[in-house]
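A quick write-up on the structure given underneath.
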Amino acid sequence: MNAADTAWVLASSALVLLMTPGLAMFYGGMTRSKNVLSTMMHSFFLMALASLVWLFWGFSLSFATGNWFIGGLDFLGLTGVGAEVWPKSTIPASTFMIFQAMFAIITPALISGAFAERMKFSSFIVFMILWLTFVYAPVCHWVWGGGWLGGMGALDFAGGTVVHINSGVAALACALVIGRRKGYGVVPMMPHNLTLTLLGAGLLWFGWFGFNAGSALAANASASMAFVVTHMATAAAAISWVLVEWIIKGKPTTLGIASGAVAGLVAITPAAGFVGPISAVILGAVAGVVCYLAVLAKAGLGYDDSLDVVGIHGVGGTWGAIATGLFACKAIGGTDGLFFGNAGQVVTQIVAVGATIVYSFVVSLIILYVVKAVMGLRVTEEDEVVGVDTSEHGETAYNL
Amino acid sequence: MNAADTAWVLASSALVLLMTPGLAMFYGGMTRSKNVLSTMMHSFFLMALASLVWLFWGFSLSFATGNWFIGGLDFLGLTGVGAEVWPKSTIPASTFMIFQAMFAIITPALISGAFAERMKFSSFIVFMILWLTFVYAPVCHWVWGGGWLGGMGALDFAGGTVVHINSGVAALACALVIGRRKGYGVVPMMPHNLTLTLLGAGLLWFGWFGFNAGSALAANASASMAFVVTHMATAAAAISWVLVEWIIKGKPTTLGIASGAVAGLVAITPAAGFVGPISAVILGAVAGVVCYLAVLAKAGLGYDDSLDVVGIHGVGGTWGAIATGLFACKAIGGTDGLFFGNAGQVVTQIVAVGATIVYSFVVSLIILYVVKAVMGLRVTEEDEVVGVDTSEHGETAYNL
Amino acid sequence: MNAADTAWVLASSALVLLMTPGLAMFYGGMTRSKNVLSTMMHSFFLMALASLVWLFWGFSLSFATGNWFIGGLDFLGLTGVGAEVWPKSTIPASTFMIFQAMFAIITPALISGAFAERMKFSSFIVFMILWLTFVYAPVCHWVWGGGWLGGMGALDFAGGTVVHINSGVAALACALVIGRRKGYGVVPMMPHNLTLTLLGAGLLWFGWFGFNAGSALAANASASMAFVVTHMATAAAAISWVLVEWIIKGKPTTLGIASGAVAGLVAITPAAGFVGPISAVILGAVAGVVCYLAVLAKAGLGYDDSLDVVGIHGVGGTWGAIATGLFACKAIGGTDGLFFGNAGQVVTQIVAVGATIVYSFVVSLIILYVVKAVMGLRVTEEDEVVGVDTSEHGETAYNL
Amino acid sequence: MKKITAIIKPFKLDEVKEALGSIGVQGMTVTEAKGFGRQKGHKEIYRGAEYLVDLLPKTKVETVVVSEMVDKVIEKIVSAARTGTIGDGKIFVTPIEKVVRIRTSERDRDAL
Amino acid sequence: MKKITAIIKPFKLDEVKEALGSIGVQGMTVTEAKGFGRQKGHKEIYRGAEYLVDLLPKTKVETVVVSEMVDKVIEKIVSAARTGTIGDGKIFVTPIEKVVRIRTSERDRDAL
Amino acid sequence: MKKITAIIKPFKLDEVKEALGSIGVQGMTVTEAKGFGRQKGHKEIYRGAEYLVDLLPKTKVETVVVSEMVDKVIEKIVSAARTGTIGDGKIFVTPIEKVVRIRTSERDRDAL
Ligand SMILES: Nc1ncnc2c1ncn2[C@@H]1O[C@H](COP(=O)(O)OP(=O)(O)O)[C@@H](O)[C@H]1O
Ligand SMILES: Nc1ncnc2c1ncn2[C@@H]1O[C@H](COP(=O)(O)OP(=O)(O)O)[C@@H](O)[C@H]1O
Ligand SMILES: Nc1ncnc2c1ncn2[C@@H]1O[C@H](COP(=O)(O)OP(=O)(O)O)[C@@H](O)[C@H]1O
């Protein structure tokens, strides 16, 4: 066991945990004030719920030795996940497990932006337990736990497929099945508190250093470069988003810089340990533009993905995963990508992206239809008008 | 000196420092908007005041060699607390001292929830200087500084007795002596900004990893397991609080999840390095229910502990300290508890709890009566109606 | 390469990054609500902009081998800044670079407080690119990159001259050239959200441990002592500011404690690795009083430095740099100062302070006049009345 | 001239604004309010303490019009703001004796 | 019908609401306001800059009632809202010409 | 007695307050409002979705005065609140039938 690596991964675990309250602020600020608590509740409840799912069966299904599709049952209830060193690392198994737990929290929390302002809380809970079990655990196993995607050489440093494509695609399924918010496109639905959203973006940027540089599982040069490219891609995406909206809509906005930064963070995630700083800037700059356009396109496509999970995590994650196949550079880590002479890596990346999209979308849909049939997904129209904070949680956010 | 351990304890110190602003948000959001600044001021002022008390005499009285009751004077003004390694650790004395300083900040800050919305600021300062000297320093010495409780084998990994029982009991004394807020039970006293409270809860959860896992004083498997059980107990308590209020009151609330999480963090604190994950889940789940019921009971008992310090820190800390005697497992750290065949440990824990309760309550009462006699504790009724932000601090929180 | 030191400096880099969102909150809360987003945008945009400037040429101009005045071009685009160990340290060059990048972000962000509520956003961008290139990079090179001030023995542990004097003096130039806000001194300009400011102060305090203790570039006793004195000076300054305003104005305020804490953090920055705890308390206590008086004096001097960058960073940084020459103690680090028998160090410090003030002021003025001539600095009067959030960014912070 | 004050459900504001615009009402002033009436409130729960919230969010729309318009305005507001459920709100009509446009000092009808 | 507008101290709202309920007043509309009057304000200090805050938080309660009720309503409000200290507020009575209930289009007395 | 209601631009509040004070108006009640009128609004953009914000921040100042004062009060408000640009706002005058001071139960003129 290496103490320095353990210190770094424990610190990173704390940083990744903080991303979920950060997300709660980021999302909460964008809703109308009558729904902010409900939106924040989604994230906070998952901090608790996903952790217990992880402890009891999620970690085992993801990381215990199993087959190409799913992990085994050896780690149920965290049996045997203690002080011994985790294979191919220098940190205790318990450290690896808790670092990974934080990813299992934030991934479903990301999805919740899609159905903000109208989801029934009880159905939310049931959906999330099923989704963690039947979507998150398998996909995580495929990529990191010994499953087929990792085996085939797909590169995903910190979760482009597992976290972002996965959540973005599930978000699309949610938006389609739950339907649009009452009044969508007619009554104005402006963010109620952008200072909250900016705070959230700041916490996400901060915490993401743990997410990406922590994924090196060691305090080494790989972690350091992952940290650097995470920062630089984010910077580039934040600026490119703001510039493109400045050109198209005439104003550079703070919601734009917050959104662009998150788009950059998403896109660099799979590439973090594999690309250099200049590549990261290009990757990030493209992410800012592409995600902005994806968000703009939503209006035309007709579904109501309340807080743009599809446009940012789905599209940004997909771009990032493919770009990893373009910009990866063996000198930095992993294998070479297309621009360094290995065209095959792009194909591998595309297969990984495609498989994740199809699997996540189909299984998310099935879960949604089951939950809808059994208990319904939406609050009543009257409750939606009053606001879900009051109707589902019996609270009001502000009494200023 | 071990650099990795030093890195980890320094990072943990920063995390624990952040808990106090986190507490300021957590508490501030629950007050009425006319008193939010005053409540936040309590926490922020203690970040400064308790640090200086610690530097000049607090650390010495807690940790210099002394007798069974109180430490010596060798470290007054931090003389000799520098680069040399702290006994039985691998970190510089200065690192140990500053890590402990953060505990001396948050403990009195916790108390301030009891007298929120009505305490005179000058009396607050005097009370806190006396309390840190005559209550915190001795109790800290008893448990961690070579005093009688540590000597007798009481287990307190990160401060269940020193921090939580101690502050919870002092809070009860404060609530009793200062009396109820004007209008308590008659006019509605709703939280004015739950997004602030949720933010605070998020920062507390994040910072608490430093509090508990940092208490290992090393980046080792013990720190890692402390981190894991801290997280899992918190998850369990957050859920159990929400479920029990859902059953009893009909709605799952965001204030509930924030409160439940804090209850879990409190309860696991003494047990962090000594119990395994499943025990932590049970310990946390019970904490969520017990603290919820304690908070409910307040209405019947008649005192006005504004922000439920007694119900959460007093009761949660007591449960945690006793549960440490039940669930402790030598294979993980410390000694075995009742469920692992060592019934005596529960007795030791109960003695430690009882001694802390009695000492803290009696001495806090004495200090309160002295301050009350000399300078009064409460603002005038008129100032209370206007709000203490304006009357004590000449400020208004919001001009939106 | 030392993994523990790398872990510590990476964690510190994340902490310093968080200071800029913290600053955004700290500043944003003090503006009127119609300008909060614009103020926060300044900080967030610099997180992106300064990073790219740093990547492409800023780091090279600051740290590549050059002459007494400016660095060379070897590191343009971060060429060759990778896994190899950075000279005279034990961490990868990429880690050193990214740690320093965070300083290049926060320094210009600090300036933005001077022209809050009236600066044209496009001019802001151009000014900042020029300022980072022609002011920040040279001064950084002088002190830390092999330039003349470092060579001459000026002590600046973590950026008293490079960051605080530099930004404070540039802020004065900005306030003078851009002119007062419409209605300054006539209509009330109260902070619109002090809870935001307090949150920001909390995040700054937290992040500053990375700033100062991270500047040791290792997880050693020097880092530990830098951490300790940072905390203690801040505590002392927070209290001294509050006490002096209590005496002069009759009330202890929360904006006062936040401001005092920042003043203490600023003043201890150059001294952090060189002084002991008692010296730190004196240094901090003086900083709180001096900065408070500097802020009071502003009213008499007539310029409108909206958020008191001059009074806090300029004056606090100057005091800190000189005090380093007084209190420095070789036993702790660096060389001895006046009070330890080496009067010459004060002279060196004064030369460093003077040079930075003159250079930064003159070059900032030149840049401002150029930008003003080419594109103007201020929004129109009408836009200022409506608020720059709406006029420059097309957004409203709150729809509560 | 008359002032027509309508207390409506907040989410109906846009429809009311549009309806008034369609008959040429050129100005109005809108205030956030809380209403108490037949519509029952909801329970809020904070750590077990229950509060009955019976002051519900309403929007107050005030528009001053010439007397001839009053009935048409009322009709338009009613049809735009009605949902048919309790709490739809009320319309009050009060006399206005003078109107002045600050910018021009125009008076009464000219000032509307 | 008359509209009774009471400007009161905010913390008296619940008592006023109860007092009105006790005499059968079935509806009211409440707005946050700031009041300026004889009651002196307080000083606020932000980094040494002092501001005199003389606009103090008040609550405006408006209730439209049949003319016969006016005196009883006034009396009830006065006794519920009085603290005896400066700043207790004022009550104003204005004529109301028409009332319409949006939900049902009922008019005047029926609409109250 | 009359109630004078002025809808003004928010940043003019201090000047209006001062102007009224200068002619001895001893009380007023101020409310935040949003105004819709000739003044054009602005566009807001959130992730590409554009909203026309045509309800603009206004401040409503209400003061009840004896009838003789009405013209002087109007004149003072107009000169203090005017900027000459669209959106300066309006003044409305309504009759007041009764005034009561809650603290003392004084009535009408005595209550002002
Ligand atoms: N007598 C009244 N005076 C002033 N406002 C009233 C009065 N009655 C009702 N209101 C306002 O109208 C709103 C709707 O009234 P309510 O009785 O709930 O429903 P409805 O108008 O459908 O009968 C109330 O919330 C209140 O704001
Ligand atoms: N002439 C007036 N017109 C409108 N509102 C008034 C007037 N005079 C007083 N008010 C309102 O009544 C409140 C209380 O008035 P004040 O003079 O402070 O105390 P009191 O009513 O006890 O004499 C003021 O804050 C203001 O809101
Ligand atoms: N008929 C009206 N009834 C009520 N308020 C009005 C009316 N017309 C205008 N207002 C108020 O006056 C404000 C200014 O009106 P506007 O037409 O924009 O400019 P101006 O008064 O300069 O012509 C509006 O924002 C609105 O609050």
Side-chain angles (χ1 to χ4, degrees), chain A residues 1-11 13-15 17-18 20-22 24-25 28-29 36-38 40-41 44-45 47-52 55-56 77-78 81-84 91-95 97-98 101-102 121-122 193 196 199 203 219 389 392-400, chain B residues 2-5 7-8 11-12 15 32-33 188 190-195 198-199 201-203 205-207 209-210 213 218-225 227-228 231-232 234-239 242 249-258 260-261 264 276-278 281 331-332 397-398 400:
Chain A
M1 204 210 74
N2 179 299
D5 295 342
T6 303
W8 175 240
V9 181
L10 286 181
S13 303
L15 286 170
L17 182 276
L18 186 65
T20 301
M25 308 291 138
V36 54
L37 294 179
S38 140
M40 295 179 73
M41 184 68 160
F44 275 86
F45 199 82
M47 289 166 71
L49 182 70
S51 303
L52 297 188
L55 183 159
F56 286 114
L78 301 184
V81 181
E84 63 292 354
I91 59 175
S94 62
T95 303
M97 182 282 299
I98 199 73
M102 304 311 180
F121 186 62
S122 53
N193 188 345
L196 206 59
L199 169 61
L203 293 178
D389 287 1
E392 288 289 283
H393 305 291
E395 296 178 298
T396 306
Y398 305 103
N399 289 288
L400 296 175
Chain B
N2 179 299
D5 295 341
W8 174 241
S12 293
L15 286 170
R32 287 164 291 172
S33 71
M190 287 141 147
H192 89 283
N193 188 346
L194 285 177
T195 67
L198 283 168
L199 169 61
L203 293 178
W205 194 327
F206 173 62
F209 290 128
N220 55 19
S222 170
S224 180
M225 191 48 91
F227 194 116
V228 168
H231 185 70
M232 294 303 175
T234 304
I239 287 187
V242 167
K249 292 286 173 180
K251 305 256 183 187
T253 69
T254 59
L255 183 55
I257 201 161
I278 299 283
V281 168
I332 287 172
Y398 305 102
L400 295 176

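Predicted model, so just to flag it, every value in this text is computed and none were measured. All chains are named by letter (A, B, ...) in the order of the sequence lines, taking the proteins before the strands, and each is independently numbered beginning at 1.
Residues I239(B) and L49(A) form a side-chain contact, since some pair of their non-hydrogen atoms from C-beta on lies under 4.5 Å apart. Taking 4.5 Å as the limit, some side-chain heavy atom of L198(B) sits within range of a side-chain heavy atom of L37(A). Proximity of L194(B) to T396(A): side-chain heavy atoms (C-beta onward) are nowhere separated by under 4.5 Å.
Residues E392(A) and K251(B) approach most closely at O-CD, 3.6 Å, considering heavy atoms. The minimum heavy-atom distance linking L199(B) with L199(A) is given by the pair CD2-CD2, 3.6 Å. Shortest non-hydrogen contact noted between M1(A) and A219(B) is CE-O, 3.5 Å. Nearest heavy atoms, A4(A) versus A4(B): N-CB, 3.4 Å. A pairwise comparison of heavy atoms in S94(A) and V228(B) identifies O-CG2, 3.6 Å as the closest pair.
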Carefully, step by step, assess S13(A) and F209(B) under the rule side-chain contact (heavy atoms from CB on, under 4.5 Å). CA-CA 9 Å; S13(A) 303; F209(B) 290 128; over 6 Å; no
Give the intermediate values and the outcome of side-chain contact (heavy atoms from CB on, under 4.5 Å) for residues L15(A) and F206(B). CA-CA 8 Å; L15(A) 286 170; F206(B) 173 62; 4.2 Å; yes
What verdict does the side-chain contact (heavy atoms from CB on, under 4.5 Å) test give for M25(A) and T195(B), after you've listed the backbone C-alpha separation in whole Å, the side-chain angles of each residue and the deciding distance to 0.1 Å? CA-CA 8 Å; M25(A) 308 291 138; T195(B) 67; 5.6 Å; no
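Using a 4.5 Å cut-off between heavy atoms, L17(A) contacts chain B through its side chain alone, with no backbone atom that close. Of the two parts of F56(A), only the side chain, counted from C-beta on, holds a non-hydrogen atom closer than 4.5 Å to a non-hydrogen atom of chain B. Contact annotation for A223(B): both backbone and side-chain heavy atoms come within less than 4.5 Å of a heavy atom of chain A. Looking at L10(A), both its backbone and its side chain come within 4.5 Å of chain B, counting heavy atoms on both sides. Contacts between V81(A) and chain B at a heavy-atom distance below 4.5 Å involve the backbone alone (N, CA, C, O). Contacts of T20(A) with chain B are absent, with no heavy-atom separation under 4.5 Å from either backbone or side chain. Heavy-atom distances place no part of E84(A) under 4.5 Å from chain B, backbone and side chain included.
Highest contact tally toward chain A, considering only R32(B), H231(B), K249(B), is held by H231(B) [criterion: heavy-atom pairs under 4.5 Å]. Of the listed residues (A83(A), G394(A), S51(A)), the greatest number of heavy-atom pairs within a distance under 4.5 Å of chain B belongs to S51(A). For the set N2(A), L78(A), L52(A), the entry with the most heavy-atom pairs within less than 4.5 Å of chain B is L52(A).
Of the possible polar contacts, one joining the N399(A) side chain to the P191(B) backbone as a donor-acceptor pair under 3.5 Å is found. At distances below 3.5 Å, at least one donor-acceptor pair connects side-chain atoms of H393(A) with backbone N or O atoms of P252(B). Without hydrogens or angle criteria, S224(B) side chain to T95(A) main chain gives a donor-acceptor distance under 3.5 Å.
Separating the CD atom in E395(A) from the CG atom in L255(B) is a distance of 6.0 Å, to the nearest 0.5 Å. Here the CD1-CE distance, from I257(B) to M41(A), works out to 4.5 Å after rounding to the nearest 0.5 Å.
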